[in-house]
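Quick caveat: nothing in here was measured; it's all calculated off a predicted structure.
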Amino acid sequence: MTAVVLAAVVGSLFALGTFLLLRRDLIRVVWGLAIIGQAANVYLLAMGEIAPASFEAVPILAGHGEEASHAQTADPLVQALVLTAIVISFGMTAFALVLSYRVYEEHDTLDLSELGDQD
Amino acid sequence: MDGLVITPMLVVLVAAVGTLLFRRQPRVRLAVSLSGAVGYAVAVAALAWYVVIAPAAPGIATYQVGDWPAPFGITLVADGLSVFMLSMVATIGPASLVFSARYLPKYDRRTFYYPLSHFLLLGVTGAFLAGDLFNLFVWFEVMLMASYVFVAYYGGPQHTRAAFWYVALNLVASAVFLLAVGGIYATTGTLNMADIAQRLADPAAAGIDPAPVVGLLALLLSVFAIKAGLVPFQFWIPTAYRAAPPPITALLAGASKKVGIYAIIRLSFTVFAGAQVPVSLPWVSGSSPLAFVGPILFVMAAGSILVGGLGAVGRDSVEGVLAYSSIGQVGFIAIPVAIAATTSSPTLRRVGILAALVYALNHTIAKGLLFLAAGTIESATGTTDLDELGGLAGRSPALSSAVFVGTLALVGIPPLSGFFGKLLVFDTAVRAGAASVLALLLVGSLLTIAYTSRAWNRGFWGVRTPAVEDAAVDPIQVAILVGLAAAILAVGVEFESVYRFADAAATAALDTESYVEAVDPQAVNGGEQP
């Protein structure tokens with residue numbers, strides 16, 4: 001059940017991201033990029049097998065400080081990967097927003113089809 | 001001695017931080033930057049000597065960061081292939097940094113120029129040395145972030161627009177890369193390249209089903225094709241290359257692009273080649289993911305040669321010609337790789353990779369030289385528009401002869417490095433017995449001759465234009481160009497040793513066993529109790 005919900009969430013995030021990416025408005029494009037990045041993160045998290053919901057599944061809580069069994073905990077590796085990926089996509093979204101402001105300053109418009117005309 | 005593996009990265013990292021710290025002391029910062037560039041070249045040379053060139057060289061060296069054993073820790077691997085690619089970067093990187101020191105003072109915006117160019121070098125170096133897939137992703141990002149800023153560097157209308165396209169394209173590519181990383185982790189249960197190769201070679205022992213690997217490799221291939229600028233992902237190249245400062249464009253074309261080529265070779269041949277996956281699609285069949293990579297890469301390469309060649313013939317500025325030309329040249333690099341992927345003969349496979357590497361080396365030096373020359377022409381005459389240039393050959397013979405050597409290397413005239421690159425690429429096609437490929441390569445070469453001679457005739461011969469008449473050519477910039485031209489000549493004259501080096505690189509790229517053995521990934525028993 002969880003797997004189906006996750007698959008649906010990842011799918012709709014990608015659909016929404018792609019839709020926004022194809023808009024003419026620069027800010028929506030940035031939104032689209034951010035959402036596609038997050039969709040990839042959710043997907044990455046889901047790749048570590050879905051553990052049954054219990055506090056034993058949280059890697060840092062499992063075993064209460066004692067050595068924990070790998071069978072019960074969720075995969076900590078994908079969580080570490082996603083942390084890195086989130087930081088990178090956060091930085092990139094900030095950069096893309098600043099860049100779109102700069103595009104606006106230079107072109108006086110945020111409409112992508114009007115940017116293409118000036119050459 | 002394994003510490004040598006990480007030294008090139010440490011040197012550029014220290015230089016990057018140093019140039020940030022000495023922001024307010026321009027002289028100190030310049031000294032840090034230049035010594036970083038020289039130190040980088042020395043570190044790479046030492047690594048190359050230790051790994052490949054020395055009499056009893058091990059052929060491969062690994063560095064496990066923090067002594068964590070693979071596949072748990074971060075692994076850095078320097079084998080023949082990595083070291084060969086690093087040597088290419090160590091030629092153009094320092095040249096570009098020294099050139100920048102002479103090129104930039106006219107533009108008063110160099111605060112973050114040096115740190116960023118060192119971070120760009122750091123990303124490229126890390127990507128060549130990374131021993132696991134996720135680190136490859138991270139180093140790609142480091143390299144890309146620096147290049148985003150450089151494309152937007154001058155901040156004008158066309159620069160911001162080019163930068164936005166470049167950023168949007170590469171952010172999507174990064175998401176696709178993450179998807180492939182996640183998929184490969186779910187399929188094989190590991191991200192360490194040696195471990196992936198080991199598990200794919202014996203899927204039953206690892207308890208995995210390798211079938212999804214073919215599709216995931218296709219995802220990776222598209223990401224790397226974007227970095228390398230292969231058709232149909234070439235559209236960002238002309239705008240981005242025109243927007244970035246010329247010394248950085250030399251780095252982007254010489255180093256960043258090669259990261260895409262390197263990743264295609266490393267992952268397809270070293271890592272995924274051992275997987276036994278029956279591929280049966282229309283026109284494509286075989287028992288390894290390579291059978292699938294080959295035809296796709298071939299179509300991309302053929303498209304690149306034609307689009308790049310035809311596009312370059314019609315450009316009206318020096319950078320425009322060079323940018324399209326580098327799309328076409330990457331096609332020449334990818335053709336032998338595609339042949340190597342399709343063939344089943346081990347000799348032909350090695351020859352194909354070898355040809356691609358030699359051609360890549362030639363492209364790095366020659367195209368780097370030409371992009372730097374575009375910078376010199378721009379700072380001397382104030383324009384790179386071929387209509388406003390003319391008679392440069394008489395105005396500055398040294399600059400013109402360096403450009404002439406670079407141009408001839410692109411065309412492939414003996415005894416320059418380009419001749420051997422072209423020769424080996426044609427040799428691969430002949431050995432594969434593919435007449436259509438030969439025809440394509442010939443058309444590509446003719447197009448190269450057409451656009452280079454057109455650019456040369458319009459820019460360097462003919463009547464001097466007012467812009468050229470008033471030109472003030474910087475002698476030190478020209479000295480760097482002449483140095484690179486000498487390097488092209490030296491590669492051609494001393495080709496025997498270059499060939500041995502490239503041969504070691506090609507052998508290393510195909511030798512999965514030694515790669516796995518050197519990294520020595522420990523067995524991991526899935527989610528079971530340890």
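Using a 4.5 Å cut-off between heavy atoms, B/Tyr148 touches chain A through backbone and side chain atoms alike. Residue contact with chain A, scored on non-hydrogen atoms closer than 4.5 Å, involves the side chain of B/Leu191 exclusively. Interface residue A/Val29: only side-chain heavy atoms are found under 4.5 Å from chain B.
Among the residues in residues 14-27 of chain A, those with a non-hydrogen atom closer than 4.5 angstrom to a non-hydrogen atom of chain B are A/Phe14, A/Leu21, A/Leu26.
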May I have the list of side-chain donor-acceptor pairs in residues 81-92 of chain A shorter than 3.5 Å, sequence neighbours left out?
| unit_1 | atom_1 | unit_2 | atom_2 | d |
| --- | --- | --- | --- | --- |
| A/Thr84 | OG1 | A/Ala80 | O | 3.1 |
| A/Ser89 | OG | A/Ala85 | O | 3.3 |
| A/Ser89 | OG | A/Ile86 | O | 3.1 |

Would you be so kind as to tabulate the donor-acceptor pairs closer than 3.5 Å made by side chains of residues 30-37 of chain A, with sequence neighbours excluded?
none

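For A/Met47 against B/Ala186, the heavy-atom pair with the smallest separation is SD-CB, 3.3 Å. Considering every non-hydrogen atom in both A/Leu44 and B/Gly182, the closest pair reads CD1-CA, 3.2 Å. Taking each heavy atom of B/Ala175 and A/Ala40 in turn, the nearest pair found is O-CB, 3.8 Å.
Of the listed residues (B/Ser174, B/Ala152, B/Gly183), the greatest number of heavy-atom pairs within a distance under 4.5 Å of chain A belongs to B/Gly183. The choice from B/Leu171, B/Val138, B/Val149, B/Asn170 that makes the most heavy-atom pairs within less than 4.5 Å of chain A is B/Leu171.
Expressed to the nearest 0.5 Å, how far CG of A/Leu112 lies from CZ of B/Phe164 amounts to 6.5 Å. A distance of 8.5 Å separates CZ in B/Phe134 from CG in A/Leu77, rounded to the nearest 0.5 Å.
Other residues, nucleotides and ligands contribute over 12 non-hydrogen atoms within 6.0 Å of the CZ atom of A/Phe95.
Legend: residues meeting salt bridge (Lys or Arg N to Asp or Glu O under 4.0 Å) with B/Asp387, ordered by chain and number and at least two apart, are B/Arg458.
For A/Arg102 (side chain) and B/Gly155 (main-chain N/O), a donor-acceptor pair under 3.5 Å exists by modelled atom type.
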